[in-house]
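First the structure, in the form of structure tokens, and then the observations on it.
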Amino acid sequence: MSGAALGLEIVFVFFLALFLLHRYGDFKKQHRLVIVGTLLAWYLCFLIVFILPLDVSTTIYNRCKHAAANSSPTESSNITGLYAAATPVPRILLPFMQSYARSGGFSITGKIKTALIENAIYYGTYLLIFGAFLIYVAVNPHLHLEWNQLQTIGIAAANTWGLFLLVLLLGYGLVEIPRSYWNGAKRGYLLMKTYFKAAKLMTEKADAEETLEDVMEEVRKVNESIKYNHPLRKCVDTILKKCPVEYQEKMGRNMDDYEDFDEKHNTYPSEKSLVKLHKQVIYSVQRHRRTQVQWQILLEQAFYLEDVAKNETSATCQFVHTFQSPEPENRFIQYFYNPTVEWYWECLLRPWFYRVLAVVLSIFSVIVVWSECTFFSTTPVLSLFAVFIQLAEKTYNYIYIEIACFLSIFFLSICVYSTVFRIRVFNYYYLASHHQTDAYSLLFSGMLFCRLTPPLCLNFLGLTHMDSSISHQNTQPTAYTSIMGSMKVLSFIADGFYIYYPMLVVILCIATYFSLGTRCLNLLGFQQFMGDNDMTSDLVDEGKELIRREKRKRQRQEEGESRRREWKERYGHSREDSTRNRNVHIDPKESNFSDISTNRSASKYTRANNRTERDRIELLQDAEPLDFNAETFTDDPLESESGRYQPGGRYLSMSRSRIFDDV
């Protein structure tokens, strides 16, 4: 493959990482260092995965020609340079940036100090693992310490933890991804699951609101105690800027800036407590905003799935929406994706497409599981990935090698990376779409990708027998293994853990298929969606009632808006016409200017006298007594004349038109 293809891959991967970061992050509100660090980590990890098939095909080409001069040295050197640049940068920067973003300090110095302390503890664990490996190598008389071997030991220590986590995520993704598409083709499954999510999200939303209220109460107390001339007032102002606007207005109205503080009689919070409060404010506001946005998105999904269920029995083959989309759709999309096309896709084609896709993904999963259990066998070759690559190598079909490698590594990365986007560790780590992911979770995901990508690539090279520690052949290594090293230095890892631990993916796939993890979480009190559980049925019924309530609320709002629109169209034009006719009308019988002026002056005083007389009469006349037991009444007795007030306490105009029932 030419260097132009490598350039296209670099550009494509960059925009892919940028698109995903835009979906989960918020470019406007989050710090630039957080955005740059996460983008760098995602981009470099995705880039390694995408250029690995090119690395494999280039290595096989060099092996077949038996000479480095006949190969493509420029392209190989470019790949090696990319691997060298992608390895150390994210691992060094992301932990520090993560601690810096999570810190509640008010100054850059305070945040850096907190980040240094946390990273010292974090890297201490890795130093212990590295020290254990170093002692083993020093004690073993058959091994001699060199710089390259020390580098390999460090890489092995990092990849050991990454391989442990990789097998866990891979075992879950190999089963859950095909099953999610298969269940998505079932009628009513997605709707029931959406009801279940609505019930859980409402509980989380109420908890987030309560937590925000408690934190805002603490901020209010601190705001009232620390006055304008206190040394810590700048810290309080920084905290207030992070609060929602409505709370800022309330606290601003209740504050008296002219009252001085007294250090002798009052007790004030310390700077350490304000740092803790600042951290709580950031967390609570982010969580409250996230639950609000997720609730609105979930409502739209539930309404749409209910529309799909209703339109399945439609005889007109036209998809009808209960509510129109608040955002205007593109004309190009409206032309091609019209109601007829939408009905055929949602009600007929999409279920069958999901079933076919689930079957194809299941076949890939079976191939991966079989290859993970047999990739250590070289005579005969049992790994299907290695069989495919060796057959293409015999026919010198390098395009087929790249396509096969790309599909294989792409499926493996989807199974692993999609699990990273799905998992949620309480509120500590959670990737929420629609720009609702906090800075800590974004940086943590970048760290996970940096930990998972090297063992993922090494595992793929082992499945294809491109790693010399697996094939046991003295051949030219790939550019990736030349940078990342091999497991030959540590025999008990190369011949033990690295070989047999991936076989546990079979046990994890079986556990995922029977939902053992979900059942354990249910026993521990964490509600999970299970069709044969009473708790799931109760939450589905609760979510259905919540969606029905929100649907009625939105229908009343739309009906009220339509009635107001009709009222304005019906009576607004008549008022304008009457006003226009009143201003334009002129009596043609009046001939001279003096008569007109005389009549105008006379009519002026006459209208004034008549208005005064009418006001006097209306004030002196006895108005009809109001019925305070009626459903509605008015405080103005003059309105009874124009509105034809009834003795029952209701106007005839209102009782007929029922225009203001929604107010």
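These numbers were taken from a predicted model, which means no experiment stands behind them. What's counted below: heavy atoms across the whole structure, side chains too, no hydrogens, waters or symmetry copies.
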How are the rings of Trp42 and Phe46 set relative to one another: parallel (under 30°), tilted (30 to 60°) or perpendicular (over 60°)? tilted

Compare all side-chain heavy atoms of Ser413 with those of Leu456 and state whether any distance is below 4.5 angstrom. yes

If only side-chain N and O atoms count, and only distance matters, is there a donor-acceptor pair under 3.5 Å linking Tyr181 with Ser362? no

Spacing of Gln248 atom CD and Met216 atom CE [to the nearest 0.5 Å]: 9.0 Å

Could you check whether any side-chain N or O of Asn119 sits under 3.5 Å from a backbone N or O of Ala115, counting only pairs where one atom can act as donor and the other as acceptor? yes

Would the distance check show the side chain of Tyr24 and the main-chain N or O of His434 forming a donor-acceptor pair, the cut-off being under 3.5 Å? no

Check side-chain contact (heavy atoms from CB on, under 4.5 Å) between Thr536 and all other residues, then give those that pass, not counting sequence neighbours. Phe196, Phe529, Met530, Asn533, Val540

Checking Arg350 against Tyr354: charged group under 6.0 Å from the ring centre and within 45 degrees of the axis? yes

Would you call Lys241 and Asp237 a salt bridge, taking side-chain N to carboxylate O under 4.0 Å as the test? no

Listed once per pair and sorted, the side chain to side chain donor-acceptor pair (under 3.5 Å) pairs that draw on residues 196-211, sequence neighbours left out: Glu204-Arg290, Glu204-Arg424, Lys205-Glu209, Asp207-Arg287, Glu209-Gln292

For Ser270, does its backbone N or O pair with a side-chain atom of Ser273 as donor and acceptor, under 3.5 Å? yes

For a side chain to side chain contact (heavy atoms under 4.5 Å, CB included) check, start with the C-alpha distance between Gln301 and Leu298, then their side-chain angles and the critical distance, and finish with the verdict. CA-CA 5 Å; Gln301 293 178 356; Leu298 190 63; 3.8 Å; yes

Does CZ in Phe421 sit with more than 12 non-hydrogen atoms of other residues, nucleotides or ligands closer than 6.0 Å? yes

Side chains of Tyr430 and Gln436: any donor to acceptor distance under 3.5 Å? no

Drop me the distance from Leu116's CG to Ile112's CD1, to the nearest 0.5 angstrom. 7.0 Å

Heavy-atom pair of closest approach, residues Asn522 and Gln527: OD1-CA, 3.4 Å

Can you see which heavy atom on Leu274 is nearest to which on Ile239, and at what distance? O-CD1, 3.7 Å

Please check if the side chain of Asn223 supplies one atom and the backbone of Val236 the other of a donor-acceptor pair under 3.5 Å. no

Checking side-chain polar atoms at under 3.5 Å, does Glu306 have a donor or acceptor matched by the opposite partner on Tyr195? yes

If you draw a 6.0 Å radius around CH2 in Trp182, do more than 12 non-hydrogen atoms from other residues or ligands fall strictly inside? no

Treating Ser99 as the side-chain partner and Phe96 as the backbone partner, does any N or O pair qualify as donor plus acceptor under 3.5 Å? no

Rounded to the nearest 0.5 angstrom, the CG-OG distance for Leu20 and Ser433 is 11.5 Å

Quick one: closest heavy-atom pair of Ala208 and Thr291, and the distance? CB-OG1, 3.9 Å

Residue Phe27 excluded, over 12 heavy atoms near CZ under 6.0 Å: yes

Applying side chain to side chain contact (heavy atoms under 4.5 Å, CB included) to Val222 and Leu232, what does each step give before you reach the verdict? CA-CA 10 Å; Val222 171; Leu232 296 177; over 6 Å; no

Are Tyr429 and Val420 packed together at the side-chain level, in the sense that at least one heavy-atom pair is separated by less than 4.5 angstrom? yes

What is the ring orientation for Phe14 with Tyr43, classed by angle as parallel under 30°, tilted 30 to 60°, or perpendicular over 60°? perpendicular

Step through the shown structure and confirm whether more than 12 heavy atoms of other residues, nucleotides or ligands are within 6.0 Å of CD on Glu558. yes

In the structure I gave you, are the side-chain heavy atoms of Pro244 and Glu249 within less than 4.5 Å of one another anywhere? no

Using the rule given for side chain to side chain contact (heavy atoms under 4.5 Å, CB included), can you reason through Thr322 versus Phe303, listing the C-alpha separation, both sets of side-chain angles and the distance that settles it, and then say yes or no? CA-CA 8 Å; Thr322 304; Phe303 295 156; 6.0 Å; no

If you apply the rule ring pair (Phe, Tyr, Trp, His ring centres under 6.0 Å), what do you find for His321 with Phe319, and how did you get there? CA-CA 7 Å; His321 294 270; Phe319 197 92; 4.8 Å; yes

With no hydrogens and no angle check, do the side chains of Glu372 and Asn459 hold a donor and an acceptor under 3.5 Å apart? yes

CA sep, side-chain torsions, deciding dist, call: Phe460, Val49, side chain to side chain contact (heavy atoms under 4.5 Å, CB included): CA-CA 10 Å; Phe460 170 74; Val49 172; over 6 Å; no

Would you call His31 and Val34 a side-chain contact if the rule is heavy atoms closer than 4.5 Å? yes

Taking all atoms of both residues into account, what is the closest heavy-atom pair of Lys242 and Val285, and its distance? O-CG2, 3.6 Å

Evaluate the ring planes of Phe364 and Phe411, with Trp represented by its six-membered ring, and classify them as parallel (under 30°), tilted (30 to 60°) or perpendicular (over 60°). tilted

Working to the nearest 0.5 Å, report the span between CG of Leu190 and CE of Met192. 10.5 Å

Cation over ring, Arg554 on Phe323, under 6.0 Å and within 45°? yes

Polar side-chain atom of Thr437 near backbone of Leu431 as donor-acceptor pair, under 3.5 Å: no

The reported gap from NZ in Lys544 to CZ in Arg548 (rounded to nearest 0.5 angstrom) is 6.5 Å

Counting only heavy atoms not in Ile108, do more than 12 sit closer than 6.0 Å to its CD1 atom? no

Do Cys405 and Leu52 come within less than 4.5 Å of each other through their side chains, counting heavy atoms only? no

Taking side chain as C-beta onward, heavy atoms only, is Leu40 less than 4.5 Å from Leu94? no

Side chains of residues 504-518: which donor-acceptor pairs under 3.5 Å do they make with residues two or more places apart or in other chains?
residue : atom : partner : partner atom : Å
Thr512  : OG1  : Leu508  : O            : 2.8

Which distance, rounded to the nearest 0.5 Å, do you find between the CG of Leu39 and the CG of Leu18? 6.0 Å

Could you go step by step and tell me if Phe406 and Phe50 meet the ring pair (Phe, Tyr, Trp, His ring centres under 6.0 Å) rule? CA-CA 7 Å; Phe406 175 78; Phe50 272 84; 5.7 Å; yes

State, with a plain yes or no, whether a side-chain heavy atom of Pro95 is found less than 4.5 Å away from one of Met447. yes

Derivation of the side chain to side chain donor-acceptor pair (under 3.5 Å) call for Glu213 and Tyr247: CA-CA 10 Å; Glu213 290 289 342; Tyr247 290 99; 2.5 Å; yes

Taking all non-hydrogen atoms of both residues into account, name the closest pair between Cys243 and Val219 and its distance. SG-CG1, 4.1 Å

What one should report as the nearest heavy-atom pair of Ala432 and Gln294 is CB-NE2, 3.4 Å

So, does Ser445 use its side chain to make a donor-acceptor pair with the main chain of Leu442 at under 3.5 Å? yes

Just by distance, do the side chain of Tyr304 and the backbone of Leu299 share a donor-acceptor pair under 3.5 Å? no

Are Glu118 and Thr114 close enough that some pair of their side-chain heavy atoms sits under 4.5 Å apart? yes

